[in-house]
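Please read these numbers as outputs of a predicted model, since none were measured by experiment. First listed ligand is number 1; within each ligand, the first listed atom is number 1.
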Amino acid sequence: MPSSGDAAGRRPHVVLIPSAGMGHLVPFGRLAVALSSGHGCDVSLVTVLPTVSTAESKHLDALFDAFPAVRRLDFELAPFDASEFPRADPFFLRFEAMRRSAPLLGPLLTGAGASALATDIALTSVVIPVAKEQGLPCHILFTASAAMLSLCAYFPTYLDANAGDGGGVGDVDIPGVYRIPKASIPQALHDPNHLFTRQFVANGRSLTSAAGILVNTFDALEPEAVAALQQGKVASGFPPVFAVGPLLPASNQAKDPQANYMEWLDAQPARSVVYVSFGSRKAISGEQLRELAAGLETSGHRFLWVVKSTVVDRDDAAELGELLGEGFLERVEKRGLVTKAWVDQEEVLKHESVALFVSHCGWNSVTEAAASGVPVLALPRFGDQRVNSGVVARAGLGVWADTWSWEGEAGVIGAEEISEKVKAAMADEALRRKAASLAKAAAKAVAGGGSSHRCLVEFARLCQGGTCRTN
Ligand SMILES: O=c1ccn([C@@H]2O[C@H](COP(=O)(O)OP(=O)(O)O[C@H]3O[C@H](CO)[C@@H](O)[C@H](O)[C@H]3O)[C@@H](O)[C@H]2O)c(=O)[nH]1
């Protein structure tokens, strides 16, 4: 039942504060749409200006156009001199700018009449103190898997218990969840002094200061992790956990008028195409690109391959053709399309010609594959993607050859292995059936009365009258 307002009839006004990066903006936009349609909440999505990339600006413009019920709340960052950090990437600079602009956030929230906040785990150190000052409950939308959330929640305890061992990080057996093998733990976490590790531990500790935690997942995809988190088995003093995924509004992607991939897909036979994409950014090495190209070629299958321009090594100015191996594009012309366009991935995954998704297992891609019933061949690259690949394999959504050579996150998987795995996955009828059954479970979870729908109702109710745990 939608929330009908407080005693004075006021609707809750939930303000969502995403961090930068399409992998984060996309689920925040989707949560905004889900909450504003049918849950009795007013919803504002904070647009941090200037945006980090044109992809982000286009995405946000398309979202606000398509869903006018979602209010846009512009947050102009205070200018700061980035030359202090000459080698920092745009995401670090964005975080630093947010941190320095925090004093401006309180007045923005008061002016907007916020009654509750939801922010990204990466921004808790900035947003939670502001929320405390304002007396507002602050929730977290965790944009990765529940397995990754449980690792984040348990990791500080794990490190405390293993401090002094000197043996580094091993398998991590998360209470109530399962054992995450050493090789799946993000590489940076193997070094206790790495900046990422310190941040990850601080984030893990900050989870208990949140009023509630939303996760873009659903029961059938991650039964163990969702149950353990909700039952407080992973860490003590844990706030309520709402598994609200898969967060999927109607398509709201900015269309690229130059892109011809949908016409190309329309011309392919049903269930014949391997879709290959590694998310919105982040490089895979030139060497891995060429191995992948050769593997796709020898697999003999049709493929649509989305290569982001940032996928190409920054200092490698060569054109796509050269990067993918000499003559590759000409040889595969009749059965492969390689594009640098921003595609509407949901639309692609729903297309009847698509049979397999070769994915880095960014969490949004995993949830989209699950919602579309497209099996995944996992090719994780960095960060949470190995943990997510483990989820994919456990749930039967896809295959992850975790026996593949592990040489750290920069390890290269050879063409022959890729080709064999593509052929096997394309021929695997049982895998296809299992993926299709997960899509049914996903649809059931988000429909009225389903587990994710109930979690969203419960969350909206908490925003209506919830007590503030951030104090
Ligand atoms: O041409 C494109 C490329 C991407 N997308 C969309 O962009 C999002 C990409 O997100 P994701 O699949 O999660 O990949 P990343 O962009 O790599 O996401 C980052 O954020 C995720 C969520 O926290 C993490 O799981 C990843 O490891 C991290 O790299 C998805 O919704 C895609 O559908 C498109 O629609 N068209």
A student checking ligand 1 against Gln345 at a 4.0 Å heavy-atom cut-off should list atoms 32 (C), 33 (O), 34 (C), 35 (O)

A student checking ligand 1 against Gln385 at a 4.0 Å heavy-atom cut-off should list atoms 26 (C), 27 (O), 29 (O)

Between Asp65 and Arg72, is there a salt bridge with N-O shorter than 4.0 Å? no

What I'd like to find out is whether the side chain of Phe303 reaches to under 4.5 Å of the side chain of Val422, using heavy atoms alone. no

Side-chain H-bond candidate by donor/acceptor type, His360 with Asn388, under 3.5 Å: no

Heavy-atom distance to atom 18 (O) of ligand 1: which of Ala55, Ala369, Gly23 wins? Gly23

Could you tell me, atom by atom, which parts of ligand 1 come under 4.0 Å of a heavy atom of Asp384? 24 (C), 25 (O), 26 (C), 27 (O)

Does an N or O anywhere in Trp363 fall below 3.5 Å from an N or O of ligand 1? yes

Only heavy atoms of Phe382, strictly under 4.0 Å: list the atoms of ligand 1 that pass. 29 (O)

Check ion pair Arg94-Glu56 (N to O, under 4.0 angstrom): no

So for Glu346 against ligand 1, with non-hydrogen atoms under 4.0 Å, the contacting part is neither

Among Tyr261, Phe142, Phe278, Trp342, which residue places a heavy atom closest to atom 6 (C) of ligand 1? Trp342

Indicate yes or no: does an N/O atom of Ser277 lie under 3.5 Å from an N/O atom of ligand 1? no

Check Val343 against ligand 1 and report side chain, backbone, both or neither, counting heavy atoms closer than 4.0 Å. both

Only heavy atoms count here, so choose which of Arg381, His360, Met22 is nearest to atom 15 (P) of ligand 1. His360

Below the 3.5 angstrom mark, is there an N/O of Cys361, backbone or side chain, next to an N/O of ligand 1? no

Under 4.0 Å from one or more heavy atoms of Thr143, ligand 1 contributes atoms 22 (C), 23 (O)

For His139 and Phe459, I'd like to know if the aromatic rings sit close, meaning centre-to-centre distance below 6.0 Å. yes

If we only count heavy atoms from C-beta on, is the Cys152 to Leu207 side-chain gap below 4.5 Å? yes

Does any non-hydrogen side-chain atom of Phe142 lie less than 4.5 Å from one of Met148? yes

Does NZ or CZ of Arg394 lie under 6.0 Å from the centre of the six-membered ring of Tyr178, at an angle within 45° of the ring axis? yes

Got a second to check how far Asp384's CG is from Thr143's OG1, nearest 0.5 Å? 7.5 Å

Once you restrict to heavy atoms under 4.0 Å, what part of Val26 touches ligand 1? Side chain, backbone, both or neither. side chain

